[in-house]
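Proteins come first, then strands; the chains are lettered A, B, ... in the order of their sequence lines, and each starts at number 1. These numbers come from the heavy atoms of this one structure, side chains and all, not from hydrogens, waters or symmetry mates.
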Amino acid sequence: MIRTRFAPSPTGYLHIGGVRTALFNWLFARQHGGQFILRIDDTDAQRNVEASLAPILDGFRWLGIDWDEGPDAEGDCGPYYQSQRGELYREAADALLQKGLAYHDYARPEEVQAEREAAQTEKRSFTYSRRWLAETDADRNRFEAEGRKAVVRLKMPRQGVCQFNDLVRGEVEVAWSGEQDHVIQRADGSCLYHLASVVDDHAMRISHVIRAEEHLSNTPRQIFIAQGLGYEPPRFAHVPFVAEPSSKNKLSKRKLAKYLKDREFAKINQHGQAIAEKIGLETEADSFNPVIVDFYEQVGYLPHALINYLLLLGWSLDDKTEFFSPGEMLQHFNLERINRSPSSFDPQKLNAFQEHYMQQVPLKQKVAMVLPYLQRAGFVSQPPPCDVGPRLAAILEAAGDRIKVAGDILDHTDFFTDTEQLPYDEKAVRKRLVKPEQAITLLKRFREDLSATNDFTPPALDTLLHAFVEREEIKIGEIIHALRVAVTGKAVGFGVFETLAILGQETCLQRIDRAIALAAEAAAA
RNA sequence: GCCCCCUUCGUCUAGUGGCCCAGGACAUCGGAUUCUCAGUCCGAAGACAGGGGUUCGACUCCCCUAGGGGGUACCA
């Protein structure tokens with residue numbers, strides 16, 4: 001049975017790089033009919049683990065990455081919180097001690113540090129002297145009489161090589177002599193990460209450890225622990241980390257300020273912030289930004305777009321295939337084709353995937369995606385009036401590809417605003433209504449046609465305007481832009497005929513009247 | 001310092017000795033289309049880190065250098 005795991009710390013947010021690692025684990029397990037386990041790495045136990053974990057679980061749920069065992073999914077390998085598994089780790093430390101593979105060490109931290117620094121100045125690799133190693137009761141008593149406290153250290157081999165086959169990197173060989181006698185248990189009895197991780201992976205029957213490459217150099221000591229405990233070590237696959245936009249540095253949520261200097265990154269951030277503001281979302285810079293999954297959920301991305309983008313960040317099927325349905329991902333994903341070098345996070349390309357998938361979303365579903373944004377921004381009541389569905393469908397149809405993320409609907413709220421309330425863009429009014437000499441005259445004349453017609457459908461309006469243009473012997477550009485500004489307040493927007501039709505005859509006439517008045521005011525000023 | 005890993009267009013990548021004077025995608029820049037914007041279509045520009053080998057032949061194999069990254073914690 002293939003079993004993989006992801007072990008997030010309850011930090012309060014789900015990081016892009018973490019999701020990518022989790023995705024690989026999940027895909028690998030699922031395609032083999034295996035299981036995916038979520039284990040909570042809360043050994044630094046802060047008080048409100050639940051609260052800090054919630055956004056992470058929500059993120060996974062949103063993305064459709066489900067887990068067989070973990071929080072809210074009890075299995076027979078629990079508990080799934082490392083803070084509740086201390087007893088297991090202590091037993092393991094004792095077992096290692098018993099076998100002579102670990103020892104009590106009475107060194108003070110600064111004493112080890114001094115040795116380390118000495119090695120560095122002499123430009124040789126550091127090997128602990130084991131001066132404060134205690135294997136007999138006599139030693140222990142002597143050190144304790146000095147007021148020293150013991151930690152448990154691994155007694156690493158000092159010759160030979162550790163060899164393992166990494167599913168991404170291939171054969172890896174490391175000399176044991178370069179490994180340290182790492183501490184696995186503190187004086188207070190609490191245990192450290194490496195021990196915990198090995199014990200849990202074994203207890204949870206993890207078959208494949210797929211994790212970020214910063215753990216590559218931790219692997220030998222984990223193999224040592226596993227073997228010492230008599231475990232069969234899992235298979236390892238070290239995937240390169242996700243790097244910053246246009247750089248090879250590891251992506252980190254701490255360096256947000258730096259990423260914001262990247263123009264494209266800043267643009268996407270700004271776009272999201274604008275949407276968040278309109279829906280009244282409280283945002284904090286360190287938890288709402290394009291490095292955090294929640295950002296994309298809030299702004300209205302499609303989870304599958306993110307997943308597809310992340311899939312291709314460090315993995316590819318061939319030289320052509322870009323789009324993968326969930327089924328295709330499951331079918332084609334493999335560890336062998338994961339790249340060995342880090343790939344940088346490019347939010348622009350993520351957007352390209354989003355736009356592609358957004359174009360495929362059926363109208364009805366788009367309506368459902370967009371509605372909550374209008375409600376949260378106060379343009380549509382909750383529950384919505386019954387005519388909102390068809391109306392929204394018409395708007396979205398007219399919008400075409402202009403709505404790239406669900407929150408973009410908030411750029412087109414002029415359909416929901418009362419005429420008296422409608423904001424008019426000053427520049428647009430000047431350019432399209434005030435400056436062109438004929439604009440107002442033409443608009444007034446075309447208003448007559450509009451009020452006279454009784455067919456307010458886009459094709460009919462199209463015919464109406466073209467007839468007008470012919471009669472007046474003008475070019476269409478001389479009226480159509482003025483018309484758009486008059487009814488929407490803006491210089492850019494959807495097709496004019498669709499816009500008019502959605503607004504309806506009465507509203508159009510009102511808005512034209514208001515625009516004419518406004519233009520007159522502006523001209524007089 | 002020491003150990004380990006990585007290095008093809010700006011970015012994601014294809015490429016496992018001849019199919020490659022290097023292919024695709026995003027971005028960029030032109031052009032076409034439409035009432036603006038978005039989109040769509042067509043086109044252009046753009047890379048094998050450097051140096052040595054090996055070979056009839058190297059992006060592909062070996063060595064060195066450089067650059068980048070990770071680890072080196074009583075962090076995870």
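With hydrogens and angles disregarded, no donor-acceptor distance shorter than 3.5 Å links the side chain of A/E355 to the backbone of A/A352. Remark: side-chain polar atoms of A/R432 are not paired, donor with acceptor, to backbone N or O of A/A482 under 3.5 angstrom. Using a distance-only test at 3.5 Å, with no hydrogens or angles considered, no donor-acceptor pair links the side chain of A/H238 to the main chain of A/V209. In this structure, A/S9 contributes its side chain and A/T11 its backbone to no donor-acceptor pair below 3.5 Å.
For A/N339, counting side-chain heavy atoms from C-beta on, the closest listed nucleotide (B/A25, B/U36, B/A14) is B/A14. Set against B/C5, B/U13, B/A27, the side chain of A/S316 has B/U13 as its closest nucleotide. Checked against B/C12, B/U11, B/C37, the side chain of A/D346 finds its nearest nucleotide in B/U11. Ranking B/C37, B/C35, B/C12 by closeness to the A/L313 side chain, first place goes to B/C12. Of all nucleotides listed (B/A27, B/U11, B/C6), B/U11 comes nearest to the side chain of A/S344. Checking B/U11, B/U7, B/C35 against every side-chain atom of A/I476, the shortest atom distance belongs to B/C35. Nearest to the side-chain atoms of A/R340 among the listed nucleotides B/C6, B/A25, B/C37 stands B/C6.
Nucleotide B/G18 forms a Watson-Crick or G-U wobble pair with B/C56, both donor-acceptor distances falling under 3.5 Å. B/U72 is paired with B/G1 under the Watson-Crick or G-U wobble criterion, all donor-acceptor distances under 3.5 Å. Look at B/A25: its Watson-Crick or wobble partner, with both distances under 3.5 angstrom, is B/U11. With a cut-off of 3.5 Å on both pairing distances, B/A38 has no Watson-Crick or G-U wobble partner at all.
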Check: How far apart are the C-alpha atoms of A/I480 and A/F497, what are their side-chain angles, what is the distance that settles it, and do they pass the side chain to side chain contact (heavy atoms under 4.5 Å, CB included) test?
Finding: CA-CA 10 Å; A/I480 205 158; A/F497 307 118; 4.2 Å; yes
Report the C-alpha separation of A/D139 and A/W132 in whole Å, then their side-chain angles, then the decisive distance to 0.1 Å, and conclude whether the side chain to side chain donor-acceptor pair (under 3.5 Å) test is met.
-> CA-CA 9 Å; A/D139 289 338; A/W132 292 275; over 6 Å; no
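Both cation-pi conditions hold for A/R153 and A/Y128: the charged atom is under 6.0 angstrom from the six-membered ring centre and inside a 45 degree cone around its axis.
Within 4.0 Å of A/R432, counting heavy atoms only, lies no atom of the nucleic acid at all. Residue contacts shown for A/R211 are absent, as no nucleic acid heavy atom lies under 4.0 Å away. Residue contacts for A/F494: at a heavy-atom cut-off of 4.0 Å it reaches a base atom on one of the strands shown. Using a 4.0 Å heavy-atom distance criterion, A/G493 is classed as a base contact. In this structure, A/G314 reaches the sugar-phosphate backbone alone: every heavy-atom distance under 4.0 Å involves primed, P, OP1 or OP2 atoms, never a base.
When all heavy atoms of A/K404 and A/M358 are compared, the pair lying nearest together is O-CG, 3.6 Å.
Distance, A/E179 CD to B/C3 P: 13 Å, rounded to whole Å. Rounded to whole angstrom, the span from the CG atom of A/D462 across to the P atom of B/C35 amounts to 9 Å. One atom, CD of A/E244, and another, P of B/G10, lie 19 Å apart when rounded to the nearest Å. We find that CZ of A/F265 is positioned 22 Å from P of B/C26, with the value rounded to whole Å. Computed from coordinates, the A/N351 CG to B/A25 C1' distance equals 15 Å when rounded to whole Å. Nucleotide B/C26 holds its P atom 13 Å from the OH atom of A/Y357, rounded to whole Å. Across the protein-nucleic acid pair, A/M358 atom CE and B/A38 atom C1' stand 13 Å apart, rounded to whole Å. Between the CG atom of A/L310 and the C1' atom of B/U11 there is a distance of 15 Å, given to the nearest Å.
Residue A/G178 is the one, among A/K267 and A/G178, whose nearest nucleotide of RNA chain B lies closer to the 5' end (criterion: closest heavy atom). Residues A/I403 and A/D318 both approach RNA chain B. Their nearest nucleotides, taken by heavy-atom distance, put A/D318 toward the 5′ side.
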Its contact letters, B for base, S for sugar-phosphate only and - for none at protein heavy atoms under 4.0 Å, make nucleotides 39-44 of chain B read S-----
Contact string for nucleotides 64-74 of chain B, one letter per nucleotide 5' to 3', B = base within protein heavy-atom range under 4.0 Å, S = sugar-phosphate only, - = neither, reads ----SSSS-SB
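Here, B/A14 and B/U8 have their P atoms 10 Å apart, quoted to the whole Å. Spacing of P atoms, B/A38 relative to B/U28, comes out at 11 Å, to the nearest Å. When the P atom is used for both B/G67 and B/A22, the distance is 29 Å, rounded to whole Å. Here the separation of B/A49 from B/C6, taken at their C1' atoms, is 12 Å to the nearest Å. B/C48 and B/C61 are spaced 16 Å apart, taking the C1' atom of each and rounding to whole Å. Using atom P as the reference point in both B/C9 and B/G24, the two lie 16 Å apart (nearest Å). Comparing B/U60 with B/C21, their P atoms are spaced 15 Å from each other, to the whole Å. For the C1' atom pair drawn from B/A27 and B/C20, the interatomic distance equals 24 Å after rounding to whole Å.
One finds the CG atom of A/L422 at 5.0 Å from the OH atom of A/Y424 (value rounded to the nearest 0.5 Å).
The 12-atom threshold is not exceeded at CD of A/E426, counting heavy atoms of other residues, nucleotides or ligands nearer than 6.0 Å.
Using a 3.5 Å distance cut-off with no hydrogens or angles, the side chains of A/D42 and A/Q82 do not pair a donor with an acceptor.
When side chains are defined from C-beta on, A/T413 does not count as touching A/Y373, because their heavy atoms never get closer than 4.5 Å. Residues A/H104 and A/Q185 form no side-chain contact, since every pair of their non-hydrogen atoms from C-beta on lies 4.5 Å or further apart.
In terms of polar N and O atoms assigned as donor or acceptor, the side chain of A/K349 comes within less than 3.5 Å of the base of B/A25 in a complementary pairing. The base of B/C5 has none of its N or O atoms less than 3.5 Å from a complementary donor or acceptor on the side chain of A/R169.
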